[in-house]
Amino acid sequence: MKKSLLVALTATLSFSQPALAKNPLFEHVFTADPAALVHDDTVYLYTGHDEAPNNDVFFEMHDWLVFSSKDMKNWTEHGPIMKATDFKWAKGEAWASHMVEKDGKFYFYTTVRHDDTKPGFAVVVAVSDSPTGPFKDAIGKALITNDMTTQTDNDWDDIDPAIYIEENGDAYIFFGNLVPKYAKLKDNMIELDGPIKVIDIPDFTEALWVHKKGKYYYLSYACEFPEKICYAMSESIHGPWKYQGILNEIAGNSETNHQSIIEFKGKSYFIYHTGAIPARKGEPSGGRFRRSVAIDRLYYNEDGTLKRVIMTTEGIR
């Protein structure tokens, strides 16, 4: 979610709130770190919730939001699905997340700051029978804690979880800051099934995401700082990964970027965040700690490589 350890919705909304297509998608609330799930002909968009009062101090994030759409243009708001402190052993910090479905259950992987029994940021998992919740802590403890990885001195190097499930049901978790890592998950989706391994890709910062089209796996990630999105390709989930370059340039006045790539009704989409909301009603504008989710089309070249994403203010038309 971030390179360095740099008003709110208070209840689940009971009504639908459509929004016409444009970028950013939503202007009444700050959203960040998008992760999209396609389920039952519907896109569910999970976001972080920036609540920083300005762009001068640091991120302030307490809960996660979800929106849904059947056409990628009109979105229904479902309110917060969890708070960071719903994980009873967590101090807070509702950082980037990812939702997947397996065997009728919805697994929400995310990042929180652990209490002093396991200091540092931790990867956690919650579970629900519905994509909009309610969600509960799936195991009563963290899935990955800072003491399990020693590649950096950062206590925030285990962030931004992303899950990829193979056609045979094998599931993998990708995560990390400064050092990209992955591990296999057990069939129950709440335990690691083997060692944590390091991935060999250049200029990695954070925000790993894996998708597949045809014979190729695509590993996209935030690179350098301020962050662009780069990507690599492989014919195996285990690599080796061939670096392909920049996919998305620096997004507006946001130093961070975080992507989600999906295919929906035969079209591919690139979902990201910017700092593009202008100042209104005397409040500060969007920016480095007040980000907003946007969506544009993603296109493939004939050889399977990805075309550079063109960021637009019009969004999906």
Worksheet item: Is a donor on one side and an acceptor on the other found under 3.5 Å between the side chain of D160 and the backbone of N177?
Response: no
Practice prompt. Please name all residues satisfying side-chain contact (heavy atoms from CB on, under 4.5 Å) with K186, sequence neighbours left out, ordered by chain then number.
Written response: N188, E191, D193
Worksheet item: Rounded to the nearest 0.5 Å, what separation is found between the OH atom of Y107 and the CE atom of M189?
Response: 6.5 Å
Item to complete: Using atom types as modelled and distance alone, determine if a side-chain donor or acceptor of S260 lies under 3.5 Å from a backbone N or O of A36.
Response: yes
Discussion item. Quiz question: by atom type and distance under 3.5 Å, do the side chains of D203 and Y221 form a donor-acceptor pair?
Written reply: no
Fill in: side chain to side chain donor-acceptor pair (under 3.5 Å) between Q259 and S220, intermediate numbers included
CA-CA 8 Å; Q259 79 295 355; S220 53; 3.0 Å; yes
Fill in: Under 3.5 Å donor-acceptor, S128 side chain and P134 backbone
yes
Response to the item:
Contacts of D137 meeting side-chain contact (heavy atoms from CB on, under 4.5 Å) (sequence neighbours excluded), chain-then-number -> F87, W89, I139
Worksheet item: With hydrophobic residues grouped by side-chain heavy-atom distances under 4.5 Å, do F264 and I316 end up in a single group?
Response: yes
Item to complete: Determine which pairs satisfy disulfide (SG to SG under 2.5 Å) with at least one residue from residues 35-137, sequence neighbours left out, and list them in order.
Response: none
Worksheet entry | Exceeds 12 heavy-atom contacts within 6.0 angstrom, atom NZ of K102 | yes
Worksheet item: Do F225 and F204 belong to the same hydrophobic cluster, where Ile, Leu, Val, Met, Phe, Trp and Tyr are linked whenever their side-chain heavy atoms lie under 4.5 Å apart, directly or via other members?
Response: no
Worksheet item: Parallel, tilted or perpendicular for F26 and H28, by the 30°/60° rule?
Response: perpendicular
Discussion item. For residues F174 and V100: do they belong to one hydrophobic cluster (side chain heavy atoms under 4.5 Å, members Ile, Leu, Val, Met, Phe, Trp, Tyr)?
Written reply: no
Considering only distance and modelled atom types, tabulate donor-acceptor pairs under 3.5 Å from the side chains of residues 230-239, sequence neighbours left out.
residue : atom : partner : partner atom : Å
Y231    : OH   : L306    : N            : 2.8
S234    : OG   : S236    : N            : 3.0
S234    : OG   : S236    : O            : 2.9
S234    : OG   : P240    : O            : 3.1
S236    : OG   : H238    : N            : 3.1
H238    : ND1  : Y182    : OH           : 2.9
H238    : NE2  : Y172    : OH           : 3.4

Discussion item. Between K265 and D71, does any NZ, NE, NH1 or NH2 come within less than 4.0 Å of an OD or OE carboxylate oxygen?
Written reply: no
Worksheet entry | Partner set under side-chain contact (heavy atoms from CB on, under 4.5 Å) for N301, not counting sequence neighbours | D303, T305, K307
Discussion item. Centroid separation under 6.0 Å, is that true for the rings of Y218 and H211?
Written reply: yes
Fill in: Distance, nearest 0.5 Å, that separates CG of L219 from CD1 of I201
4.5 Å
Worksheet item: Say you draw a straight line from OH of Y217 to CH2 of W241; how long is it, rounded to the nearest 0.5 Å?
Response: 8.0 Å
Worksheet item: Who else is in V179's hydrophobic cluster (ILVMFWY, side-chain heavy atoms under 4.5 Å, direct or via others)?
Response: V198
Worksheet item: Listed by chain and number, what are the side chain to side chain donor-acceptor pair (under 3.5 Å) partners of K242, not counting sequence neighbours?
Response: none
Worksheet entry | Check: V293 main-chain N/O paired with T31 side-chain donor or acceptor under 3.5 Å | yes
Item to complete: Fit a plane to each ring of F135 and F108, take the angle between them on a 0 to 90° scale, and name the class: parallel (under 30°), tilted (30 to 60°) or perpendicular (over 60°).
Response: tilted
Worksheet item: Sequence neighbours excluded, which residues qualify as side chain to side chain donor-acceptor pair (under 3.5 Å) partners of K228?
Response: E224
Worksheet item: Quick one: are K91 and D116 in side-chain contact, heavy atoms under 4.5 Å?
Response: yes
Discussion item. Does either side chain, that of T132 or that of S130, offer a donor lying less than 3.5 Å from an acceptor on the other one?
Written reply: yes
Worksheet item: Is a side-chain donor or acceptor of H273 paired with a backbone partner of D33 at a separation under 3.5 angstrom?
Response: yes
Worksheet item: What do you reckon, is NZ of K184 surrounded by more than 12 foreign heavy atoms closer than 6.0 Å?
Response: yes
Response to the item:
One should read off an interatomic distance between D158 CG and L143 CG, to the nearest 0.5 angstrom, of 10.5 Å
Worksheet item: Taking NZ, NE, NH1 and NH2 as the nitrogens, is one of them in E27 or K22 under 4.0 Å from a carboxylate oxygen of the other?
Response: no
Fill in: Side-chain hydrophobic cluster, 4.5 Å single linkage: members besides Y299
none
Fill in: Under the side chain to side chain donor-acceptor pair (under 3.5 Å) test, residues paired with N168 that sit two or more places apart
D170
Worksheet entry | For H39, side-chain contact (heavy atoms from CB on, under 4.5 Å) partners two or more places apart | L37, Y44, E101, F106
Discussion item. Please check this pair: side chain of S292 against backbone of T274, looking for a donor-acceptor N/O pair closer than 3.5 Å.
Written reply: no
Worksheet entry | Side-chain donor/acceptor of D63 to backbone N/O of I81, under 3.5 Å | no
Discussion item. Which residues pass the side chain to side chain donor-acceptor pair (under 3.5 Å) test with K70, not counting sequence neighbours?
Written reply: T42
